[in-house]
Structure formats: structure tokens, C-alpha cells
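To start, the structure under review is shown below, and the notes come after it.
Counting convention: from 1, in listed order, for ligands and their atoms alike. Note: hydrogens, waters and symmetry copies are ignored here, and every other heavy atom, side chains too, is used. Sequence positions, counted from 1, serve as the residue numbers for this chain.
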Amino acid sequence: MPLTPAKFPELINAIAADINEHAEAVTELDQAIGDGDHVFNLQRGIEALQKHSEEIAGLDWTAAWQKIGMTVMTAVGGASGSLYATLFISLNKNSKGKPATLETFAEAFLSAVDAVKQRGKADVGEKTLLDVLVPVANALHQGVTAGKSSSELLEDICRVAEAGVESTRDMLATKGRASFLGERSKGHIDAGAKTAQLMISAIATVISQTR
Ligand code: ADP
Ligand code: MG
């Protein structure tokens, strides 16, 4: 699977387009149970990454994760900024000195999602972006271990990401701003889970088109 930093400019542009396309809908979700700034926060991060995308494309993959993480940390406010920064910085730590393979990535991603859990003191079932990231990390790791093909992996990942988004609808929010609403948080999809799914599906589309 061509997941080299050289692909980064194309990936970040695809993510930007997907987030922009769904910006209004996601903002409505975030206004229902959050403070409505989630898309804006992400767009700031994405724009910063686009500015650095040629530089990132020229790095080796562990250095690229670090640069992505630091850029996100500096550019993005809100809970999601520090959580995504943690994800990428942890990907750097977990892939250092290892071959740039899908197996390494699947393991590194699983550990990076664990780092996000620790950072947010949250887990699956709390109506957050973890309801997408955790099942995706598990599906990728299990699929790679089972020797699934790239197209099977991409299909699995997109499917569990969508199911993860939908699963947040009836959950009670126990972390982040939505938790202030208590029972009233139920009946709304979590904005952070939705954007995680949108970004993953944008990445999957680019990868499937370049195989
Ligand atoms: P803020 O909540 O600080 O305004 P954002 O609006 O950018 O930040 O992001 C909100 C999203 O962050 C939520 O929709 C949720 O998915 C995610 N989130 C919030 N708190 C946590 C947490 N402790 N752990 C994991 N994800 C969280
Ligand atoms: Mg917010």
C-alpha cells in the first residue's frame, strides 16, 4: 500500500476537500451538542498541513509523522487538536527505526490510538472520535495479521468507520463538551467521530485509486 510521505500532498488535499464539502453538516452536529467550532479547528490544522505539505513529502516517514503532529499541535485549538497531535507524534515514536511497511503501520496506529485514549482519558462508548479510531485501528491490525488484501482492508476500514459514527448517535456523552448535556446528548451523532470517518474515507479513496 503506497503510504509514503510522497503521497502526503494528495492525501491532505483530498481530506481538505472532503471536510469542506461536509463542513455545514458537521457544524450542525457540533452545534447540537458541542460549541460548533470543530470543523473550524480541523480546517485550521488542514490548512497548516497544506502549507507544509511539500516539506512533509520530502521527509522519511517517521520524521513526517513528527512534523505532522507538531504542525497540528501548533495550529489547532480545542480537544481535537491535542488528540490528533498525540496520534501523529505517537505514530512517530512507534514507527522509529522500523521498516515502512503496512504491518509496522498497523501496529503503530494501534498503539497511537491507545495514546489518544490515554491523552483524552476516554475509551470506546463515550461518544467521541475514539468510536471511529478504535474500531478502525482494530480492523486494520486484525486484517493485516490475517493477510487480507489492500482492497479488503480498505473496505473493512470504511465499513467499521461508518458503523462507529452511527454508534455514537444513541450514546451518552461522558467526555468533552457534549458531556455537559448529560442525557440530552443522546440522539445526536458526535461531530468528532464524523470527521474522523470523513478523513479515513478520503484517505481510503486516494489509496484505492493509486493501487
Ligand atoms: P472542543 O471540544 O475543545 O471544542 P473540538 O470541537 O475541536 O474541541 O472537538 C470536539 C470533538 O473532540 C468531540 O466531538 C469528540 O469527538 C472529541 N473529544 C472531546 N473530548 C474528548 C476526549 N476526552 N477523548 C476523545 N475525544 C474527545
Ligand atoms: Mg468544539
Distance from atom 6 (O) of ligand 1 to nearest protein heavy atom, with residue and atom: D37 OD1, 3.0 Å
Short N/O distance, under 3.5 Å, between S80 and ligand 1? yes
Can you tell me the protein heavy atom closest to atom 23 (N) of ligand 1 and the distance? G120 O, 2.9 Å
Under a 4.0 Å heavy-atom limit, does A79 contact ligand 1 with its side chain, its backbone, both, or neither? both
Of the side chain and backbone of R177, name the one, both, or neither that has a heavy atom under 4.0 Å from an atom of ligand 1. side chain
Is there at least one pair of N or O atoms, one from K127 and one from ligand 1, spaced under 3.5 Å apart? no
Atom 25 (C) of ligand 1: the protein heavy-atom neighbour that sits closest, reported with distance to 0.1 Å: L83 CD1, 3.5 Å
I'd like to know if the side chain of D30 and the backbone of A191 have a donor-acceptor N/O pair within less than 3.5 Å. no
Residue part near ligand 1, for T128, under 4.0 Å between non-hydrogen atoms: both
among protein heavy atoms, the one nearest atom 13 (C) of ligand 1 is D190 OD1, 3.4 Å
Ligand 1 and G78, any nitrogen or oxygen pair closer than 3.5 angstrom? no
Which residue and non-hydrogen atom of the protein lie closest to atom 24 (N) of ligand 1, and at what distance in Å? A122 CB, 3.5 Å
With side chains defined as the heavy atoms from C-beta onward, is the minimum distance between D114 and L110 less than 4.5 Å? no
Which heavy atom in I189 sits nearest to a heavy atom in I33, and how many Å separate them? O-CD1, 4.1 Å
Geometric class of the W65/F105 ring pair [parallel <30°, tilted 30-60°, perpendicular >60°]: parallel
With T62 via side-chain hydrogen bond (donor to acceptor under 3.5 Å, both in side chains) - residues at least two apart: D60
Minimal non-hydrogen separation, D18 against S201, with atom names: OD2-OG, 3.8 Å
Looking only at protein heavy atoms, which one is nearest to atom 9 (O) of ligand 1, and how far off is it? H38 ND1, 3.2 Å
Where ligand 1 meets G192 - atom numbers and elements under 4.0 angstrom, heavy-atom basis: 14 (O), 16 (O)
Determine whether K67 and F8 make a side-chain contact, defined as any pair of heavy atoms from C-beta on separated by less than 4.5 Å. no
Ligand 1 and G77, any nitrogen or oxygen pair closer than 3.5 angstrom? no
Can you list the protein N, O or S atoms less than 2.8 Å from the Mg ion (ligand 2)? D35 OD1, D37 OD1
Under the salt bridge (Lys or Arg N to Asp or Glu O under 4.0 Å) rule, what pairs show up with a residue in residues 186-210, not counting sequence neighbours? E183-K186
Provide the closest heavy-atom pair for A112 versus S90 in the form atom of the first, atom of the second, distance. CA-OG, 3.3 Å
Please report the shortest heavy-atom distance between V165 and T168, naming the atom on each side. O-OG1, 2.7 Å
Does CD belonging to E155 count more than 12 external heavy atoms closer than 6.0 Å? no
With a 4.5 Å cut-off on side-chain heavy atoms, are F88 and T71 touching? no
Residues passing the side-chain hydrogen bond (donor to acceptor under 3.5 Å, both in side chains) test with K175, sequence neighbours excluded, are E126
Below 4.0 Å from any atom of ligand 1, is there a heavy atom belonging to K121? no
Given that the side chain starts at C-beta and the backbone is N, CA, C, O, which of these parts of L42 lies under 4.0 Å from ligand 1, counting heavy atoms, or is it both or neither? neither
I need the nearest protein heavy-atom contact for atom 20 (N) of ligand 1: residue, atom name and distance, please. G176 CA, 3.5 Å
What about I15 and W61, same hydrophobic cluster or not, with Ile/Leu/Val/Met/Phe/Trp/Tyr joined at side-chain heavy-atom distances under 4.5 Å? yes
